[in-house]
2 protein chains.
Amino acid sequence: MAAKNRENGSQPTINDVARVASVSKKTVSRVINGSPLLNDDTRKRVQEVIKDLGYVPNPQARALALRRNFLIGLVHDNPNAQTVLKVQQGILEAIRDTEFELVVRPVDRGMVNMLEDIRQFLERQRLFGVVLMPPISENDSLAELCRQIGCRYVRMGSAELDQPGNMVASNDREAVRDAIRYLIEQGHSRIGFVSGPHGFRSALERRLGFEEALEQADLKLPRSMIADGNYTFDSGLLAAERLLDLSPRPTAIFASNDEMATGVLQAARRRGMDVPKDLSIVGFDDTPIASHIWPPLTTVRWPIATMARSAALKLTVSVTEGEQEVDEPSMFLSTLIRRGSVAPPPRD
Amino acid sequence: MAAKNRENGSQPTINDVARVASVSKKTVSRVINGSPLLNDDTRKRVQEVIKDLGYVPNPQARALALRRNFLIGLVHDNPNAQTVLKVQQGILEAIRDTEFELVVRPVDRGMVNMLEDIRQFLERQRLFGVVLMPPISENDSLAELCRQIGCRYVRMGSAELDQPGNMVASNDREAVRDAIRYLIEQGHSRIGFVSGPHGFRSALERRLGFEEALEQADLKLPRSMIADGNYTFDSGLLAAERLLDLSPRPTAIFASNDEMATGVLQAARRRGMDVPKDLSIVGFDDTPIASHIWPPLTTVRWPIATMARSAALKLTVSVTEGEQEVDEPSMFLSTLIRRGSVAPPPRD
DNA sequence: TTGTATGCGTTATCAT
DNA sequence: ATGATAACGCATACAA
């Protein structure tokens with residue numbers, strides 16, 4: 001039973017702290033976890049020893065005892081590198097200088113047993129919580145799964161799919177409506193729309209925004225002015241080719257994300273069209289590429305990093321800050337960034 | 001002392017397996033860890049029970065007992081989103097369907113106590129190993145730190161900075177030399193060079209490749225044909241403006257990465273120059289943007305994802321595959337991808 | 001307010 | 001070849 005608790009080159013443990021401070025482990029534990037029932041003197045003394053020894057609690061041991069890790073998971077199946085990385089940056093910013101770490105977990109949306117796969121992941125790693133990125137965040141079964149196994153979660157999305165505590169959303173519909181209005185104000189009346197993939201809530205919301213704007217402006221457009229895309233460059237290029245084959249062809253095209261907008265621009269170039277003189281283009285996301293192409297792309301700035309940061313805060317802040325419960329907003333506004341890819345339509 | 005080892009809705013533990021299989025915990029542990037000294041019968045029996053019960057070892061408990069986590073860390077300070085994500089994908093591919101998970105850890109290169117920060121991270125989380133991305137991977141002190149605290153590591157880089165077991169490298173110098181040669185073959189003799197940031201090994205290697213190619217072709221260029229960049233779009237744009245202000249100006253520009261090459265293209269456009277008719281451009285990386293801009297960028301394909309995958313394999317495979325020690329290569333070849341941004345120089 | 005005994009689920013030691 | 005028992009470092013229940 002003789003505790004062998006001297007320092008031997010490895011990190012100090014809670015035992016070392018207890019011995020040096022002449023208190024029990026439990027007291028040290030209380031100090032660490034900020035228990036309210038503690039003599040101020042002892043607390044100070046213990047804290048001093050902790051500092052002296054450079055003690056930091058062993059996360060593995062805590063994880064075992066608490067049956068919960070201090071790991072935040074990022075579950076995603078998003079094909080866009082910029083978006084994924086921005087989300088990571090947002091989360092990392094939120095957990096910087098905390099005990100949390102970020103574990104990334106891409107999943108195959110095609111896989112039949114994807115949900116089972118995620119369950120395994122969550123249960124085995126006993127994550128503190130997960131951030132669910134779109135589009136997989138739109139999957140209600142996944143949220144239900146998290147609830148079942150008692151894993152905190154926050155869903156990111158383009159509409160309020162869950163209660164505020166479990167959701168950070170952007171107002172894609174309104175944002176697109178404003179963007180289309182802007183196009184109409186510029187004089188455009190034949191506006192093409194490149195949609196996102198079927199089944200994506202973001203794709204739906206953006207399209208609804210498009211339709212609402214048209215309706216409010218009493219503009220009737222043929223169905224052919226809507227071309228399907230799937231958020232990739234190539235799909236944007238293809239969709240634009242279909243759109244530009246139309247007669248009369250659109251004088252402006254809204255693409256549901258920047259990558260597709262870049263494809264639209266490419267399609268225009270291949271035809272020798274001048275953007276924005278012959279064709280105006282608007283994108284969505286405001287990824288770096290938007291300002292790096294020529295002409296710089298007018299686009300909707302999607303505050304995805306901020307949303308991710310807020311998501312991580314929602315997950316963790318109630319712990320870090322006691323019961324202060326800083327209210328993180330659950331709705332984030334996208335705004336139109338006007339650059340060089342929009343001009344009035346050419347005269348016929 | 002009565003073991004309360006019935007299933008109560010939570011996952012089965014090693015005790016459950018032991019009880020059902022009528023063996024001791026240790027025997028089960030031996031089966032899990034593939035101990036050689038085991039009766040084949042018992043092993044089979046235990047494995048069956050494991051399967052029946054759906055038992056999976058608890059990573060937290062293992063981490064505590066082994067004093068090592070089954071977590072792979074990615075330490076990086078790379079500003080390029082595409083590159084970072086490709087590396088993540090490579091690592092994730094390597095550890096897919098294993099017990100490993102990926103923890104990402106960006107660091108501030110500017111921070112004075114960055115090394116101390118990383119040490120804390122490695123020691124506290126007791127990572128199984130880390131993948132070091134460039135440019136921080138070029139920091140020898142960091143490698144030394146890993147060795148000191150006994151954390152496996154693999155460095156990714158543009159030259160062999162470490163022994164093969166701890167290194168995956170690309171042949172940037174040769175690759176750039178070939179690219180410049182190609183430009184020379186096309187008839188260019190005034191070739192501008194946009195460098196990477198000082199202190200980056202990749203920047204140095206690429207520049208050496210440039211100089212070697214010139215030397216071998218007996219081409220002497222004024223110093224002003226080399227402009228400093230720092231791997232960002234804006235720095236590429238600025239560097240190109242300096243280069244294009246020269247008289248006579250270069251007929252081709254090699255940029256040390258794609259993002260800067262995109263900046264060069266932007267600068268050319270702003271002057272109304274036609275690429276590639278008036279100016280040829282070559283980049284480095286082959287990020288998606290290279291094929292999404294117009295004209296598609298001729299660039300050097302840097303197999304960074306493959307390198308990352310190999311790095312993770314080096315870290316983990318000796319464990320997964322017993323002592324088989326599948327030899328992962330430590331040198332990866334970059335190749336020139338010819339697209340539309342290069343043409344013979346304009347006649348004077 | 002503080003301490004004792006015990007549990008978390010695994011691996012390591014040293015028997016047999 | 002297998003098992004009993006003690007770590008691993010922390011947290012919780014219950015005493016004191």
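Below, read A as the first sequence line, B as the second, and so on, with proteins coming before strands; counting in each chain starts at 1.
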Without decimals, in angstroms, what is the distance between B/E99 CD and C/dT10 P? 13 Å

Under 4.0 Å: is that the gap between some side-chain N or O of A/T27 and OP1 or OP2 of C/dG3? yes

Rounded to whole angstrom units, what separation is found between the CG atom of B/D16 and the P atom of C/dT10? 9 Å

Separation of atom CD in B/E123 from atom C1' in D/dG9, rounded to whole Å: 16 Å

Test A/R155 against every option in A/D140, A/L142, A/N139, A/V131 by the side chain to side chain contact (heavy atoms under 4.5 Å, CB included) rule and name the one that passes. A/D140

So, A/E328 and A/K314, do they make that salt bridge, N to O below 4.0 Å? no

Should A/S24 be listed as having a side-chain N or O under 4.0 Å from OP1 or OP2 of C/dG3? yes

Let me know the distance between CG of B/N58 and P of D/dC8, rounded to the nearest Å. 19 Å

Reading nucleotides 11-16 of chain C 5' to 3', which nucleotides get B (base under 4.0 Å from a protein heavy atom), which S (sugar-phosphate only), which -? BB----

Atom pair distance, as rounded to whole Å: CD in A/Q125 and P in C/dG9: 15 Å

Rounded to the nearest angstrom, tell me the gap between atom CZ in A/R68 and atom P in D/dC10. 18 Å

Short side-chain to backbone donor-acceptor contact, A/E101 and A/I72, under 3.5 Å: no

Think A/R152 forms a cation-pi with A/F128, using NZ or CZ under 6.0 Å from the six-ring centre and within 45 degrees of its axis? yes

B/T13, B/N15, B/V17 screened by side chain to side chain contact (heavy atoms under 4.5 Å, CB included) with B/V28, the one that passes: B/V17

Assess whether a salt bridge exists between A/D16 and A/R19, defined as any Lys/Arg side-chain N lying under 4.0 Å from an Asp/Glu carboxylate O. yes

Take atom CG of A/N15 and atom C1' of D/dG9, then tell me their distance rounded to the nearest Å. 7 Å

Does the side chain of B/T42 get closer than 4.0 angstrom to OP1 or OP2 of D/dT2 through an N or O atom? yes

B/V130 side chain reached by B/R105 side chain, heavy atoms, under 4.5 Å: no

If you find the nucleotide of DNA chain D closest to B/R45 and the one closest to B/L64, which residue's nucleotide is nearer the 5' end? B/R45

For A/F70 and D/dA11, what is the distance between atoms CZ and C1' respectively, to the nearest whole Å? 11 Å

